[in-house]
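The block underneath contains the structure these notes are about, expressed in structure tokens.
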Amino acid sequence: MERVGFTMRVLPGKEAEYRRRHAAVWPEMLTALKAAGCRDYSIFIRGADLFAYLEVDDFAAFRAFMAASPVNDRWQGEMADLIDPLTDPATGFHLRLEEVFHLD
């Protein structure tokens, strides 16, 4: 299992709308995340800073599944006006955080 932490940022003045949209994540998006192999996915917020954490068996397979998912494309389109995804140009994914400790 892979644990993945990454960061994003809410655009100025968009915090309330970001929270509103995440209070009711589309059921089909939740289904896609689970089908992609995601067992846990949490997003935390402090001010405009977002910290996301997910657990998957195979991160590369997860990314490939989500990249091919039409519902993910629609969701990302809905989020585009709310967040700076802080994409890592080397990977095309958000800026991942290095895990330095985990209690098993």
Side-chain angles (χ1 to χ4, degrees):
M1 188 225 356
E2 293 183 61
R3 292 179 296 274
V4 179
F6 58 95
T7 59
M8 300 172 283
R9 184 163 297 125
V10 179
L11 297 174
K14 302 289 186 165
E15 293 88 353
E17 180 61 15
Y18 181 84
R19 287 176 184 269
R20 186 191 72 74
R21 291 187 196 178
H22 279 80
V25 175
W26 305 335
E28 60 269 32
M29 184 61 177
L30 299 174
T31 298
L33 289 166
K34 290 176 184 176
C38 188
R39 288 190 274 174
D40 185 11
Y41 191 168
S42 300
I43 301 174
F44 302 85
I45 188 169
R46 180 179 57 203
D49 295 324
L50 298 168
F51 165 74
Y53 171 82
L54 60 93
E55 293 178 353
V56 295
D57 286 324
D58 181 336
F59 185 56
F62 170 81
R63 288 188 57 208
F65 184 97
M66 294 306 289
S69 169
V71 70
N72 185 53
D73 285 343
R74 286 190 301 124
W75 181 262
Q76 297 308 321
E78 289 286 318
M79 294 297 111
D81 65 335
L82 300 179
I83 67 166
D84 178 347
L86 301 178
T87 305
D88 181 346
T91 65
F93 189 73
H94 307 280
L95 294 172
R96 282 187 70 173
L97 300 172
E98 179 183 0
E99 184 176 304
V100 295
F101 174 80
H102 178 79
L103 177 65
D104 282 325

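What you see is a predicted model; the values in this text were computed from it and never measured. Just so you know, these numbers use all the heavy atoms, side chains as well, and skip hydrogens, waters and symmetry mates.
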Excluding sequence neighbours, so at least two apart, what forms ring pair (Phe, Tyr, Trp, His ring centres under 6.0 Å) with F59? F93
Partner set under ring pair (Phe, Tyr, Trp, His ring centres under 6.0 Å) for Y18, not counting sequence neighbours: H22
Can you tell if the side chain of V4 reaches within under 4.5 Å of the side chain of R96, non-hydrogen atoms only? yes
To the nearest 0.5 Å, tell me how far [X] [atom1] sits from [Y] [atom2].
| X | Y | atom1 | atom2 | answer |
| --- | --- | --- | --- | --- |
| H94 | D88 | NE2 | CG | 11.0 Å |
| L30 | W75 | CG | CH2 | 8.0 Å |
| L82 | L50 | CG | CG | 10.0 Å |
| M8 | T87 | CE | OG1 | 10.0 Å |
| I83 | Q76 | CD1 | CD | 6.5 Å |

Report the hydrophobic cluster partners of [X], with the cluster defined as I, L, V, M, F, W, Y residues connected by side-chain heavy atoms closer than 4.5 angstrom, directly or transitively.
| X | result |
| --- | --- |
| Y53 | F44, F51, L97 |
| L103 | F101 |
| L86 | L95 |

Would you please name every residue forming a side-chain contact (heavy atoms from CB on, under 4.5 Å) with A36, sequence neighbours left out? F62, F65, M66
D57: which residues meet the salt bridge (charged side-chain N to carboxylate O under 4.0 Å, His left out) condition with it, sequence neighbours left out? R39
Among residues at least two apart in sequence or on other chains, which ones pass salt bridge (charged side-chain N to carboxylate O under 4.0 Å, His left out) with R19? none
Tell me, please, which residues at least two apart from [X] pass side-chain hydrogen bond (donor to acceptor under 3.5 Å, both in side chains).
| X | result |
| --- | --- |
| R9 | D49 |
| R21 | E17, D81 |
| E99 | R3 |
| R46 | none |

